[in-house]
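This report concerns only the one structure given below.
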Amino acid sequence: RYIAEFERDSARDDAKGKAFDAYTEALEVGKTLDKTNPLLLGLALNFSVFHYEIMNDRDQACEMARSYYDNAIADLDKLPKDDYYRDITLIMQLLRDNLSLWMASDSD
């Protein structure tokens, strides 16, 4: 994703395609993780930002952020309140903040 932010023309398109494929593969592997796993949530956060900033796909970015946030919030009360919990809630807050920002910019 970061390379795609700076490349131009065909190099940008190539970087976008490679980033998309890598994110997609990682999410496939991530299906085995708990919905509240901070690695999975961080991946969803980064992939949603990729959709919004690189692919210019606000709808997909919002759908992804909303979906992973909603899935995690459903299981949040089952977790112990420890460092792991704080990591999870921080990432969830970022997902929610992005979603709010993107939806607000959609109405502008």
Side-chain angles (χ1 to χ4, degrees):
R1 167 184 132 202
Y2 300 105
I3 294 171
E5 290 179 11
F6 297 101
E7 292 290 355
R8 299 288 173 247
D9 304 321
S10 64
R12 179 179 171 89
D13 292 338
D14 184 51
K16 284 168 52 173
K18 287 179 180 178
F20 183 86
D21 291 345
Y23 278 126
T24 301
E25 184 178 342
L27 277 183
E28 187 64 31
V29 172
K31 287 181 180 181
T32 63
L33 301 173
D34 291 335
K35 296 173 189 173
T36 55
N37 185 292
L39 294 174
L40 178 62
L41 292 173
L43 175 61
L45 173 65
N46 279 295
F47 199 11
S48 65
V49 170
F50 170 81
H51 278 293
Y52 186 81
E53 292 183 358
I54 305 301
M55 302 299 284
N56 297 314
D57 189 346
R58 184 178 304 156
D59 292 340
Q60 182 61 36
C62 289
E63 173 59 32
M64 179 170 282
R66 181 181 300 109
S67 174
Y68 281 86
Y69 178 86
D70 288 347
N71 287 340
I73 199 87
D75 290 344
L76 195 60
D77 61 343
K78 300 173 189 170
L79 299 175
K81 308 291 191 268
D82 56 8
D83 288 342
Y84 187 70
Y85 181 86
R86 285 190 290 274
D87 291 345
I88 293 165
T89 55
L90 174 63
I91 298 167
M92 290 176 65
Q93 180 68 46
L94 292 169
L95 283 166
R96 191 175 71 183
D97 290 349
N98 284 351
L99 183 58
S100 296
L101 178 68
W102 297 337
M103 292 179 73
S105 69
D106 191 31
S107 63
D108 291 346

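- Closest approach of Lys35 to Leu40, counting heavy atoms only: CA-CD2, 4.3 Å.
- The aromatic rings of Tyr23 and Phe50 lie tilted to each other, with the angle between the two planes from 30° to 60°.
- Nearest approach of Leu41 to Ala72, heavy atoms of both residues: CD2-CB, 3.9 Å.
- Side-chain atoms of Met92 and Tyr68, non-hydrogen and from C-beta on, never get closer than 4.5 Å to each other.
- Judged by distance alone, with hydrogens and angles left aside, the side-chain atoms of Asp34 form no donor-acceptor pair with the main-chain N or O of Thr36 at under 3.5 Å.
- In this structure, a donor-acceptor pair under 3.5 Å is absent between the side chains of Ser48 and Tyr69.
- Between Phe47 atom CZ and Met55 atom CE the span is 8.0 Å, to the nearest 0.5 Å.
- Between the CD atom of Glu63 and the CG atom of Leu99 there is a distance of 9.5 Å, given to the nearest 0.5 Å.
- Using cut-offs of 30° and 60° for the angle between ring planes, the Tyr52 and Trp102 rings count as parallel.
- Other residues, nucleotides and ligands contribute more than 12 heavy atoms inside 6.0 Å of the CG atom of Leu76.
- When every heavy atom of Tyr84 is checked against every heavy atom of Asn37, the shortest pair comes out as OH-CA, 3.7 Å.
- Checking side-chain atoms of Asp14 against main-chain N and O of Ser10 turns up no donor-acceptor pair under 3.5 Å.
- The distance from atom CG of Asp75 to atom CG of Asp70, rounded to the nearest 0.5 Å, is 11.5 Å.
- For Lys31, the NZ atom is loosely surrounded, since the number of other residues' heavy atoms within 6.0 Å does not exceed 12.
- Distance CG/Leu27 to CE/Met64: 5.0 Å, rounded to 0.5 Å.
- Criterion: ILVMFWY side-chain heavy atoms under 4.5 Å apart, direct or through other members. Under it, Val29 and Ile91 are not part of a common hydrophobic cluster.
- Distance check: His51 NE2 to Arg58 CZ gives 14.5 Å after rounding to the nearest 0.5 Å.
- Between Pro38 and Asp87, the shortest heavy-atom distance links the atoms CB-CB, 4.4 Å.
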Stepwise side-chain contact (heavy atoms from CB on, under 4.5 Å) check, Leu101 with Ser105: CA-CA 6 Å; Leu101 178 68; Ser105 69; 5.7 Å; no

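- Judged purely by atom type and a 3.5 angstrom limit, Asp82 uses its side chain to pair as donor or acceptor with the backbone of Tyr85.
- Follow the hydrophobic side-chain contacts under 4.5 Å out from Leu90 and you never reach Ile73; the two are in separate clusters.
- A heavy-atom distance below 4.5 Å is not found between the side chains of Lys18 and Asp21.
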